[in-house]
Amino acid sequence: MIGDEPLSTDELRRIDRTIRADWPTGEAVDFQEAVAYHESLPRHKRFADVLESADRPLLQPRAGVPLLEDQIDLLEYLRESGEADLLPTTIDSYTRDNEYGKAQEALEAARESGGETLNGFPAVNHGVDGCRALIEAVDGPIEVRHGTPDARLLAAITFAGGFQSFEGGPISYNIPYTKRHDLAKTIEHWQFVDRLAGAYTERGVRINREPFGPLTGTLVPPSIAITVMILEGLLAATQGVRSLTLGYGQVGNVVQDVAALRALRSLGEEYLPNDVCVTTVFHEWMGGFPPDEARASGVISLGGLTAAIGCPDKVITKSPQEFRGVPTMEANAAGLRTTRQIIDMALEQTITIDGIDDEQRLIERETRALLDAVDAHGDGDLVRGIVRAFETGALDVPFAPSESAQGAVLPARDDDGRVRILEFGNLALSEDIKAIHAARLAQRAETEGRERSFRMVADDVDAISDGRLIGRPLGGERRAD
Amino acid sequence: MIGDEPLSTDELRRIDRTIRADWPTGEAVDFQEAVAYHESLPRHKRFADVLESADRPLLQPRAGVPLLEDQIDLLEYLRESGEADLLPTTIDSYTRDNEYGKAQEALEAARESGGETLNGFPAVNHGVDGCRALIEAVDGPIEVRHGTPDARLLAAITFAGGFQSFEGGPISYNIPYTKRHDLAKTIEHWQFVDRLAGAYTERGVRINREPFGPLTGTLVPPSIAITVMILEGLLAATQGVRSLTLGYGQVGNVVQDVAALRALRSLGEEYLPNDVCVTTVFHEWMGGFPPDEARASGVISLGGLTAAIGCPDKVITKSPQEFRGVPTMEANAAGLRTTRQIIDMALEQTITIDGIDDEQRLIERETRALLDAVDAHGDGDLVRGIVRAFETGALDVPFAPSESAQGAVLPARDDDGRVRILEFGNLALSEDIKAIHAARLAQRAETEGRERSFRMVADDVDAISDGRLIGRPLGGERRAD
Amino acid sequence: MVLHTMSRTVVLGVIGSDAHVVGITILEQAFRQAGLTVINLGVQSSQTEFAEAATQHDADAVLVSSLYGHAEQDCQGFHETLEAHGVDALTYIGGNLAVGQNDFEETRRTFQELGFDRVFDAETTPEDAIAALERDLRISTTANERATVTT
Amino acid sequence: MVLHTMSRTVVLGVIGSDAHVVGITILEQAFRQAGLTVINLGVQSSQTEFAEAATQHDADAVLVSSLYGHAEQDCQGFHETLEAHGVDALTYIGGNLAVGQNDFEETRRTFQELGFDRVFDAETTPEDAIAALERDLRISTTANERATVTT
Ligand code: B12
Ligand code: B12
């Protein structure tokens, strides 16, 4: 197994050559020339600079369509009509599977029919020139957002193509996104991505990297998400990344969400090297949405309000059409503006909520315990520690489809709607922390007059889409009518 | 001038006869028979019972169209698709002016063309039978909402028609709604309305009365609104009303809004007789809305969130189309569901905000001062006190179009977005309270590097529709682009 | 091109039984700041009140505001009333001019046919209104210029 | 009418490279509670995996889930694969079956033409799915009953 060491320049070159041979567009990548290209970009397209110098939470949607011209129109629309501060380019699922051939077929079909043959922008197929055409046509900074376990070619092409921000990481784009990818192998692949970002950084082109905080998006206990963020941050820092945006997905309890955002920032700053600029990103509710645009706007607004109190550097917005499928550009822009309105109205007033410090302390204790366990599993090496901790379940993610994780942790909300842990599996938390979770859930079970069971978890999974926060036995009736 | 005394039964009968002669439909009103009719209504259509026994804030939209069938369809739609708990029937502007002839013409035109010839439901023209047809067809409690200074015939007909809740009052439906109506005369007219409600109440039919809390809807300082609510509550109680819902319109600062709701409830309970059941209603932002449905949903959601914390008994919702004109029924239902989603998600968690007690204390001190001033102006009579206090400006409402009020008070937001008073006119507040307002506004002026002036007021009036809370000099740019 | 200083008189009011006063309050202040003489009739003003004020103050423009959705009915015969009083002034109308979620172009046409020189929607800022007045109240206004400021 | 106790076997999985696991996790638990034997293949399962599991466990029904928008591509030839493995089972598909904000009726038709016995949208609850299975897996099912539970 590889260790947590910076890839040597030779290794970087060697891998670069290999992966660029995976698809014809790889050939056009030329690092020196790409650095010069980045230097030619105006300041307001430099992702890290724009994000790190912002004075209020910046908004960014998700968006990706197959054709270049459509992607340009979509992003320009989101920037102008949605007032997005930062833009995305979401990559299609074939590319995520490194199936560039299938993506090519679908892209050509799309070119002919204009149809929805791909659920994102196949950046590898568009190649360096296609990416640059996008970067040049859109008047704002753009990030690559994907979900790709092996994103080496995607990174090589998009970095050379002028993108200065890249989402994902070896844990966050493996555990929630795949079944069979080996975690150690994925870490190795991301060492290349991070080292490449590091190489640009050393030449003065600070590529921003953003581990994917929401993980499975479904009732993820904050300490688990934050632990993964710090681990990925550390791995990236080793490879020379200096601009890191750590993420967290809203759970819907304002106190817990604000506490988590603060814990994320404070532990991020504590654990990551001093020369890394740490920013944070808050994802509006990533679980199942209500099948109704009006109700969805309420969920989105609660996210905006939480962001106004928690003050992350960036907010990833949802659209009111989240439930049904990829949103129209109008709905996507609507989600941005709903968020902007409530954030701005709330930012201009002081809203100090009680109980945040206590919750933050609990989250930090848990996170430290998990990080310590990873450390202990590693015998001095972080990569080994991560792989082993997931193997044993000392570190785990609820609803993880990956065979590299136990997926034994089951979350449920307590009586106040905060996400607690019902089944720990082997999660490396001390008995007294476990007792806190158990007590909170016992209290809820009592309120509801039922046993703690998977039924609660299932009810909680549906609660927000059913118009509630907590999956109370009665709340369930609503969906049936 | 009349005094704050219950109308005698003879007076009630005499006025009843006179006003019923104002329009042919008045004839059909028969009090005894109407009481029996009310008794025949099922419990879930009894407004006061439903409202007073609710265990979470009930939602009510605004809605009124000219034709009976359309009104039935509209309300049933709002109940089913909007999940409204309580329903409204908003009356048209001709009826509000007692121009039943013009309303009749427009109603007939509507019957022929189906066009939008009236901005509400002309209940007087529809008569007792028309009202009952509505009450019977709609499966929920319905309130009459209007804005009529002289609502005597409207009350006689709608009460006999089966409505059990009636909005308005002599101050709240005069000062913000008319220019020339004499306040003393309006109070006399409302004594009849309240006495009639009292007569039903004595027969066991508790008619709910709801003074209109938002007044001019535009930056109304909480203490002014609460003072008016208590005064109208007292006048109504004198006439035998026993179910009173006191109102308040959101100003957009969460702390101030929650404090105001608490002050409203606590002072309402303190000042009103013990045998009156006091409930509260919170109106989502009543000032100018953003000209954008997505942004409007953000404003609506902030109202919902505030309601979840302030816990009024009822919330009057806005639609995302508020800016442009009377909303489609779909948009109206959307406003309800957006509100329901965020209220329910927030209600299930504890959100305790700092600083509410202090603000509540300030609001209560101010309200007591204003109520004392009214008392002092009355030489022992409340009616005289009210009329004189408005004459001198000891009591005043910002932006009041009425010649019965000075309209000299000018509000502006402080640095935290709370509504303070910039110009007091003769408002009966002590020097130390005035100093608090002045200090807060001086702080804002300093932050903004400009003088306190009407420009600030104008900027604040536009702020929310421009996507902000406070009308900062820079915020203004947004609207221009 | 230098703008003429504005020393013109405008009559401003809300027509019919409409009580929405906030818009004209803001407009009045902005117009005064811009150097106009403003006769503010307030809300719930009748056609005759507009006409009489215009005659009495020899107004250059009559500005009608309506928010509550009855503007069309309230303005029937408005220009005939002005004419009967011998008023020959520019006429604007603005606000929420139709009941419901109408298409503004249709609304604009309706009120132009009623005789208004310009029709403004509720997104109109005081600055927009002043810009239009500045152009229209100049000695010479070309039809072309007039078209470009129509909002 | 008494329902037969459900002692039937169903194969459940997410097809293609789709990783959305929450839906099938909830369905699996609910199906077990309802007395069904469930073979859960998990996410990112291939057509062959479905077919082999169905043969091996002699499944009464094969339930395919897809959320990420590539269901149509992923299910091309699915029924031919089943047939090639000699599987003769009821087939359902459910989830977010199209990319974007499509009309569901159109989507339903697409998947019915691909050979699925029932097509479910993302508003389907576990109870809906169980109700459909209960009817379809009875010895005799009338076409009429079948129609009424189609969601
Ligand atoms: C505040 C308000 C009220 C307050 C008014 C208090 C008062 N006395 O002023 C209260 C609560 C009392 C009220 C009552 C009613 N209201 Co109201 N109200 C509003 C609201 C929320 C804001 C209006 C406002 O003050 N805006 C801020 C000011 C600064 O903007 P403005 O008025 O639009 O003016 C600007 C521009 O329009 C323009 N402008 C305006 N006039 C003119 C004229 C000219 C010549 C020019 C150039 C420009 C111009 O310049 C101004 C400055 O920028 C609007 C909806 C909205 N806009 O969000 C509804 C709204 C106007 N009201 C409406 C209605 C129906 C009513 C009622 C009939 C019924 C009811 N709901 O109770 C009553 C009417 C009572 C009456 N007799 O008039 C409707 C009108 C419907 C329509 N046209 O289709 C609206 C649109 C709400 C809705 N969506 O239903 N209302
Ligand atoms: C959580 C989530 C994620 C998580 C998934 C974590 C995990 N491993 O499970 C993460 C963040 C990783 C994720 C990733 C992606 N996602 Co996603 N995700 C969601 C979300 C928000 C909730 C899904 C969920 O868990 N719902 C709760 C469960 C209980 O409900 P359910 O899955 O719908 O299942 C129920 C029913 O559908 C039904 N059902 C389902 N299958 C079947 C089968 C049968 C036979 C029957 C009878 C019934 C049935 O019964 C279930 C129980 O009630 C949805 C949007 C939404 N619904 O709000 C988007 C959504 C499904 N995702 C989407 C997309 C595009 C993606 C990505 C491709 C791109 C991206 N945005 O990054 C990647 C795909 C990665 C991959 N390889 O699969 C789109 C799909 C678009 C489309 N079809 O048009 C959606 C709709 C979001 C959107 N509006 O764009 N996602």
Side-chain angles (χ1 to χ4, degrees), chain A residues 81-83 252-256 285 290 292-306 308-309 319-320 330-331 333-355 413-418 463-464 466-470 472 475 478, chain B residues 81-83 252-256 285 290 292-306 308-309 319-320 330-331 333-355 413-418 463-464 466-470 472 475 478:
Chain A
S81 301
E83 301 170 41
N253 174 288
V254 181
V255 170
Q256 192 172 33
W285 174 244
D292 166 22
E293 298 191 17
R295 285 185 169 275
S297 295
V299 176
I300 287 171
S301 295
L302 187 61
L305 191 276
T306 306
I309 303 174
S319 99
E330 291 81 8
L336 281 159
R337 295 198 308 274
T338 297
T339 304
R340 188 82 272 166
Q341 181 78 28
I342 194 163
I343 287 196
D344 286 352
M345 285 181 70
L347 265 183
E348 287 186 295
Q349 50 185 299
T350 315
I351 303 179
T352 309
I353 303 185
D354 289 359
R413 292 190 188 274
D414 69 16
D415 243 357
D416 198 46
R418 302 188 198 179
I464 288 181
D466 287 349
R468 303 252 149 194
L469 180 67
I470 306 173
R472 304 283 194 200
R478 185 173 294 255
Chain B
S81 301
E83 300 168 43
N253 174 287
V254 180
V255 169
Q256 192 172 34
W285 175 245
D292 166 21
E293 298 191 18
R295 284 185 169 273
S297 295
V299 177
I300 287 171
S301 295
L302 186 61
L305 191 274
T306 306
I309 303 174
S319 97
E330 291 81 7
L336 280 159
R337 295 198 309 275
T338 297
T339 304
R340 187 81 273 165
Q341 180 78 28
I342 194 164
I343 287 197
D344 287 352
M345 284 180 70
L347 265 182
E348 287 185 294
Q349 50 186 298
T350 314
I351 303 180
T352 309
I353 302 185
D354 288 358
R413 293 189 188 273
D414 69 16
D415 243 357
D416 197 47
R418 303 188 198 179
I464 288 181
D466 287 348
R468 302 252 150 194
L469 179 67
I470 307 173
R472 304 281 194 203
R478 187 172 294 256

* Best-contacting candidate, A:Ile342, A:Asp414, A:Thr352, against chain B by heavy atom pairs under 4.5 angstrom -> A:Thr352
* **Heavy-atom pairs under 4.5 Å with chain B, option from A:Gly335, A:Gly417, A:Ser297, A:Ala331 with the top count** => A:Ser297
* Nearest atoms (heavy-atom pairs only) where B:Arg337 meets A:Ala294 -> NH2-CB, 3.7 Å
* To do: Could you tell me which non-hydrogen atom of B:Ala296 sits nearest to which non-hydrogen atom of B:Pro290, and how far apart they are?
  => N-CG, 4.1 Å
* Structure fact -> Under 4.5 Å to a heavy atom of chain B? For A:Leu336 that would be neither
* Per-residue contact mode, A:Ile353 against chain B (heavy atom under 4.5 angstrom) -> both
* Asked: Is chain A contacted by the side chain of B:Pro320, its backbone, both, or neither, given a heavy-atom distance below 4.5 Å?
  -> neither
* Portion of B:Ile464 that has a non-hydrogen atom of chain A nearer than 4.5 angstrom -> both
* **Beyond-backbone contact of B:Arg472 with B:Asp415, side-chain heavy atoms, under 4.5 angstrom** => yes
* B:Arg418 backbone acceptor or donor facing B:Gln256 side chain under 3.5 Å -> no
* **Any donor-acceptor N/O pair, B:Arg413 side chain to B:Leu469 backbone, under 3.5 Å** => yes
* To do: Among B:Asp292, B:Ile351, B:Val255, single out the residue with the greatest number of heavy-atom pairs under 4.5 Å to chain A.
  => B:Asp292
* Most heavy-atom pairs under 4.5 angstrom with chain A, which of B:Thr350, B:Thr339, B:Val299? -> B:Thr350
* Measure the CD-CZ distance between B:Glu83 and A:Arg295 for me, rounded to the nearest 0.5 Å. => 4.5 Å
